[in-house]
Engineer: 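To start, I am sharing the structure in question, which I have written as structure tokens.
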Amino acid sequence: MPFVANSDADRTAMLAAIGAKSVEELFADIPAGRRFPKLDLPEPLSELEVLREIESMASRNVTASTCAWFLGAGAYNHFIPAVVPAIASRGEFLTAYTPYQPEVSQGTLQAIFEYQSMAAGLLGMEVVNASHYDGATALAEAVLMAYHNAPGRDRVLLPAALHPEYKDVVRTYLEAFPARIEEYRGDPAGAALDDKTFALVAAYPEFEGELRDLRPAAEKAHAAGALFVVQADPVMCGLLKSPGELGADIVVAEGQSLGNSMNYGGPFLGMMGATAKLVRKMPGRIVGEAKDHEGRKGFVLTLSAREQHIRREKAVSNICSNQGLVMLQTCVYLAAMGKGGLKTAARLAYDKAHYAAELIGRIPGFRVENKSFFKEFLVATPVPAEELAEKLSRRCVVPGLPLSRYYPERRNELLVAVTETCTKAQIELLAESLKEAAK
Amino acid sequence: MNIDTNARYRASHEYARKDGAEIVAGISDHAQSSLGDIVFVELPEVGKTLKQGEAFGVVESVKAASDLYMPMSGKIVAVNEDLQGDPALVNKDCYGKGWMIRFAPADPSEWNGLMDAAAYGKEAGKE
Amino acid sequence: MNLRPEPLVFELSSPGRTAVSLPKGDTPSYELPAGLVREDSKLPELDELTVVRHFTRLSQKNFSIDTHFYPLGSCTMKYNPKANEVAAGLPGWRNTHPLVGAEFSQGAIELIHKLQVMLGEIGGFEAVSLQPAAGAHGELAGVFMIRAYHLSRGDSKRVKILIPDSAHGTNPASCTMAGLETVTIPSNAEGGVDMDALKAALDDTVAGIMITNPNTLGLFERNIEEIARLVHGAGGLVYGDGANMNALTGVFKPGEAGIDVMHFNLHKTFSTPHGGGGPGSGMVGAGKTLAPFLPGPVAAMEGGKYVLRDPAKTVGKMKAFYGNFGVLVRAYAYIRMLGAEGMRRVAENAVLNANYLKSLVEKDFPVKYPRRCMHEFVAMGDIAPGIHTLDIAKRLIDYGIHPPTIYFPLIVPEALMVEPTETEDKEALEEFAAVMRKIAEEAKANPELLHAAPTTTPIGRLDEVAAARCPVLCYRG
């Protein structure tokens, strides 16, 4: 039997030692009629056979390994240096758990501290926690945090152009609270704030690509006594101003694009940062510096009194297991890319995206809808975007997201993402294919 | 166990001590010692009005956190700002430099419902 | 274990260095948005070898399953098969996108569908959603479902959830996030739910109960069917916390014993690695009553094709896209390699190992509820004057063993919660017991050894008080 260490002889000896006649006897507490039910599972296979079966399933997906890839919308095909998976697959990291015993977890703890430090610098925040499940749940928890921070206020303003799945998750998380979720269109500086608003949320850039200077919105939010919460593209923060520099109180981001594969949507990395004065309201694990009795520096989980294992029903969140390994990948990625590498990758994505927009904008019947964008932009198409996506995907050019997937009435809009992994030739192929398919 | 005989107490270990017309409140020596090293004290905004038994703040040690309850109803007139920088004051001198809030009581008769030092000593001794 | 101090990445940084090579720009360059160009992203600058050495050295400061016995109670630190990693790392999974469309991701949806079916069979559930990203996330989904169910019947007065005092902290915390109040139910002398207290708490304001079975004492709740009957009789529903499912695979189907909704931790029972804290996966299974409320989307087969769709009365999305997919692939590989017989063998051997280990340890470390345990047991560490569980835990480190879970469950003073799992062999258990015996002797003869422990690690016990009083949470240059 795989993965069970003991032999039948071992089991016999152990049963004798504990005075049991059979293994079955150990389960006497279970109601007799419910014990050892029939389990209808497929016959077990060897490792070789299982891998063969899984490989055959995996091969039925269209992937960025073999196609020209312009689909983003919350999951991006950025370059991952080989050093990232090489480190993250080390058993010492992979098969450890939450670092509750700091003396034997300094590897994980220091890596979290380094991640917190690098992510804080990148996002322009004073504190970053050790991760949430993904960008959407990080945003939902940030909104809850802002809600609990301002008793008496019950209104949150979300951008209409926020990622639709993020909106859904915020709604799910806020369902049980008497909070009003309202949407605004366009610039967050124009959102209708009032003295009941606990948070103004802005996307940087928006789901539909638009990129704005958020300083005026930050000022307005603060003047109204609301927290300014920004959902950001962390790759962009290597090139353009961080949300912190623009006045954000809480920043959330999807860290998948920092060194993690698209993985059919998970595991991803929910990043959350905040200003220092909000730290005790912040959910999630946080690592801090500490000293031992000899004055040696080490790292430890700290501010735990916020968390569920101590505070139980009064905890700021129920989160326990997080996305540790994904965080580690991002930690290694940020260290490897460094200041220059991330800036170069972001600049490549920016230039390539703008080149793609220029070519697509020239095709008769196509129009780029954004005034300003980073790596993703919205295209008005002369024929339904779903048709274009289907035709092109079959020919291994995955052109982007037809917005009709989320908004059935918006049939003629395609969201196109371009990263540093796209070549000029692929971009030109995209433009030509769109032109031809729209004929 | 050190009990300030000038103060009165709630069963949840907050003390209240008269200072002119106002009340100074904090947690008892018994409470600080069972919590252990205090790492953070969250206190209310000055000007806030709270009812008797309502939570006015939170005290945290590394392994525990407890709500702090108003010994009497009243309006907060001052909080001990020193505790932000040095929460250990609660461990060192809970009745003195480790005080937490000062409030103007809304109903001074609530004082009579609190335990005196002798009764509190008996109550805390049971734990 | 690497004992040398390792500098922070920032301290290893030197201007102008880089660990990556990126392609040259092959398109025209475009002007950046005015006023938004950043001066400095504050990231360090290192060469590739420095990055590799740095993180490799850090890894050598960890205990892990691959390197050490790790009997961390309630966390099921079993061996994580390497084949799982190969399976999850296939480019067909890694490089595909959640929005590519069902037609272009049939393989991924097929795997989700097959795993739903297998986990549903193991748990005895009508339907399964693989959306939740961790155990606590599954709990949250479950209590959302219970709340939504009552509200869908116009019953808005059910605002309380009953939770035994032995429960994980995530249970009450999840209730608060779902807007429900927590009522604590005490344990009886046998370590189970106090049935009189349960009966007294049941009325028409009770939305349901959250029950961990086996509970955190490692004991099977013998009254589980009676509890379910009573709660259902009062109009409430039963949530099963599957944190300890490793004792029950192929042995007991919770869904057939009155559990209405339950989460499994795929990173515990189904062998996916814990990753230093995650990612996990907290799939939820439900019976007929709650199946329509499961979080979406779930995979289904329609007209010969795999599709993703939302259950009829779904509580909504718990996260973006479709759960921690990479974790699902690993769990799938594991179940496929084991089959029905293997799943039962897992539980049998987990329980046998725990009972054998308990019998070796309990002479030196008393077990509060000494009846036969399931996959784990809870001993107590205050075995000599001035000795606490923390001292035992730290001394274990000096002997190269990761400490068990300590000071939990809260209802056992000085708790030491030991879960060996089925993947450890008899010798490993005996070695642990021998070390525990030695520590017990040291505790009496030479307690200073315990108080000073650990001494074989890069750092000694840290001053957590100072760390929390003046938090340093970021590198400060």
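The figures here come from the full heavy-atom set of this structure, side chains too, leaving out hydrogens, waters and symmetry mates. Labels below follow one simple rule: chain letters A, B, ... track the order of the sequence lines, proteins then strands, and each chain is numbered from 1.
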Engineer: For C/Glu103, is it the side chain, the backbone, both or neither that has a heavy atom under 4.5 Å from a heavy atom of chain A?
Structural biologist: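 For C/Glu103, the contact with chain A is made by the side chain alone.
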
Engineer: Listed by chain and number, what are the side-chain hydrogen bond (donor to acceptor under 3.5 Å, both in side chains) partners of A/Glu420, not counting sequence neighbours?
Structural biologist: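 Testing A/Glu420 for side-chain hydrogen bond (donor to acceptor under 3.5 Å, both in side chains), a comparison that skips the adjacent residues, returns A/His78.
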
Engineer: Which atoms of A/Glu43 are under 4.5 Å from chain C, going by heavy atoms: the side chain, the backbone, both sets, or neither?
Structural biologist: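 Contact with chain C is through the backbone of A/Glu43 alone.
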
Engineer: Under 4.5 Å from any heavy atom of chain A, what part of C/Pro91 do you find: side chain, backbone, both or neither?
Structural biologist: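 Contact with chain A is through both the backbone and side chain of C/Pro91.
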
Engineer: Parallel under 30°, tilted from 30 to 60°, perpendicular over 60°: which one fits the rings of C/His97 and A/Trp69?
Structural biologist: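 Judged by the thresholds at 30° and 60°, the geometry between C/His97 and A/Trp69 is tilted.
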
Engineer: Given a strict heavy-atom distance threshold of 4.5 Å, which part of A/Glu390 is in contact with chain C: side chain, backbone, both, or neither?
Structural biologist: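 Contact with chain C: backbone and side chain both.
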
Engineer: Can you confirm whether C/Lys42 is buried at NZ, in the sense that more than 12 heavy atoms of other residues, nucleotides or ligands lie under 6.0 Å from that atom?
Structural biologist: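 Atom NZ in C/Lys42 is not packed in, count stays at 12 or less.
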
Engineer: My understanding is that only residues two or more places apart in sequence, or in another chain, count here; which of them pass salt bridge (charged side-chain N to carboxylate O under 4.0 Å, His left out) with C/Glu225?
Structural biologist: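 Result, salt bridge (charged side-chain N to carboxylate O under 4.0 Å, His left out) vs C/Glu225: A/Arg34.
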
Engineer: What's the separation between atom OG1 in A/Thr95 and atom NE2 in C/His274, rounded to the nearest 0.5 Å?
Structural biologist: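 Those atoms lie 10.0 Å apart.
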
Engineer: If we define contacts as heavy-atom pairs under 4.5 Å, which of A/Ser261, A/Pro99, A/Ser46, A/Pro2 has the most with chain C?
Structural biologist: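 Highest number of heavy-atom pairs under 4.5 Å: A/Ser261.
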
Engineer: What part of A/Val50 lies closer than 4.5 angstrom to a heavy atom of chain C: side chain, backbone, both or neither?
Structural biologist: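 A/Val50 touches chain C through side-chain heavy atoms alone.
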
Engineer: Where does the angle between the aromatic ring planes of C/Phe252 and C/Phe220 fall among parallel (under 30°), tilted (30 to 60°) and perpendicular (over 60°)?
Structural biologist: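 Answer is perpendicular, since the angle exceeds 60°.
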
Engineer: Measure C/Tyr79 against the heavy atoms of chain A and call it side chain, backbone, both or neither at under 4.5 Å.
Structural biologist: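 For C/Tyr79, the side chain is the part near chain A, not the backbone.
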
Engineer: At a heavy-atom distance under 4.5 Å, which candidate from A/Ala5, A/Pro44, A/Gly338 has the highest pair count against chain C?
Structural biologist: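 Sorted descending by pairs with chain C, the first entry is A/Pro44.
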
Engineer: Could you tell me which portion of A/Asp134 (side chain, backbone, both or neither) has an atom closer than 4.5 angstrom to a non-hydrogen atom of chain C?
Structural biologist: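 Side chain only.
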
